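Only one structure is covered here, and it is reproduced in the block below.
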Amino acid sequence: MRHPKVSDCVEIFDSLWPPALAGSWDSVGLAVGDPDAEVRSILLALDPMDAVIAEAVVLDADLVFNHHPLMLKPVKSVNAATLKGGAVHTLISNDIALFNAHTNADSARGGVSDVLISLMGIKDAQPLADHSTAGGSGTDSLPTGIGRVGDLDQPTPVRDLARRLADHLPRTTTGVRIAGDPAATVTRVAVCGGAGDSLFEEVRASGADVYVTADLRHHPATEALDTANRRESGLSLIDVSHWASETVWLTAAAEALDAEFAARGFSVSLQHSAVNTDPWVERY
Ligand SMILES: [Zn+2]
């Protein structure tokens, strides 16, 4: 079997995670690389951190597939002495391409939030924020969009749900935290992998009893609790590590990519990065 070119890889990535699903503020697609270069191996990771790029160099990978963009904010130069420019230089001088699928991978079916909600045993979840206008092309296509909401088989105490998540997610320093009443019984679960504190309106509209997301800050969390209390609607929050909430998706992404490369007759090796890019390493 032949090896794909970078451009073949991009076509496959875009078929699985259409760039049209990305937020307008986002930066997705091929950030660094020659579309005509051959790709024998791909390294999958969440963050284009230096340690990940160094790993790609050691592994002789030809392409790094990331979730988070290297250059979300535009840069004015790729001077090697700058943070972003240094990464670009290392990539180019080692013939490594860099691609990322970010909010398009969150929105697509089988994306970050789908994987996260399935860890809690919920199969048929719906998007929290519908993106159907930019989504499916066929009449049978499922709705896409950021976040997911779905129902548990039976009412479950929040602390049991948090423990279930702790069992299924990789262990992290910040762990799994509950805000609200840990003993409250919940059925309807909203999730958003990564930082989801911009979606509280959608969470309330979905009728969710509990919201699972990452990077929850003091003010959005306390205000969401008070808003729910005043409406007597009850809302609990479960905060997980940003890295943990998204890294579980990479396994699903690798499986989807394996199938897609094989279906198109391409030979390429896929490897999940061994670098843990969760920044938090100790707590006291
Ligand atoms: Zn993220």
Side-chain angles (χ1 to χ4, degrees), residues 13 16-19 21-31 43-53 55 64-74 83-84 87 98-120 125 127-129 131 144-149 165 168-177 189-200 202-203 211-217 220-221 237-254 256-257 272-281:
F13 299 150
L16 291 169
W17 306 289
L21 295 179
S24 56
W25 51 269
D26 205 359
S27 163
V28 302
L30 189 67
L43 183 67
L44 292 96
L46 276 191
D47 298 289
M49 286 184 71
D50 288 349
V52 170
I53 295 171
E55 182 186 25
V64 176
F65 175 94
N66 265 164
H67 182 47
H68 294 135
L70 175 68
M71 293 172 281
L72 182 59
K73 290 183 191 150
L83 181 70
K84 308 294 175 172
L98 179 71
F99 180 96
N100 80 291
H102 189 212
T103 48
N104 45 330
D106 293 328
S107 279
R109 299 306 296 194
V112 175
S113 293
D114 266 331
V115 173
L116 188 58
I117 203 166
S118 70
L119 295 182
M120 290 174 279
L128 255 185
H131 201 313
T144 55
I146 295 284
R148 293 292 182 267
V149 61
L165 276 164
H168 285 95
L169 289 172
R171 231 178 151 65
T172 55
T173 306
T174 47
V176 176
R177 304 180 296 179
V189 181
V191 312
C192 179
D197 64 13
S198 63
L199 291 176
F200 277 115
E202 287 82 355
V203 169
Y211 183 34
V212 179
T213 189
D215 286 347
L216 275 181
R217 291 169 300 149
L237 307 174
I238 298 180
D239 182 83
V240 301
S241 141
H242 188 136
W243 173 83
S245 74
E246 295 179 333
T247 199
V248 287
W249 166 71
L250 283 182
T251 308
L257 285 172
H272 194 145
S273 171
V275 178
N276 181 334
T277 53
D278 188 344
W280 314 115
V281 294

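Note that the coordinates shown come from a computational prediction; the quantities given were computed from them, not determined experimentally. For ligands, and for the atoms within them, numbers begin at 1 and follow the listed sequence.
In this structure, CG on L216 lies 8.0 Å from CZ on R177, to the nearest 0.5 angstrom. Here the CG-CG distance, from N100 to L72, works out to 9.0 Å after rounding to the nearest 0.5 Å.
With hydrogens and angles ignored, the 3.5 Å screen pairs no side-chain donor or acceptor of S245 with any backbone N or O of V240. Of the possible donor and acceptor atoms, none in the side chain of S27 sits under 3.5 Å from a partner among the backbone N and O of P69.
At a cut-off of 2.8 Å, measuring from the Zn ion (ligand 1), the protein N, O or S atoms that fall short of it are H68 NE2, H242 NE2, E246 OE1, E246 OE2, waters left aside.
With sequence neighbours left out, the side-chain contact (heavy atoms from CB on, under 4.5 Å) criterion links A101 to W17, F65, F99, N104, A105.
Residues V176 and I238 are in side-chain contact: their nearest non-hydrogen atoms beyond the backbone lie under 4.5 Å apart.
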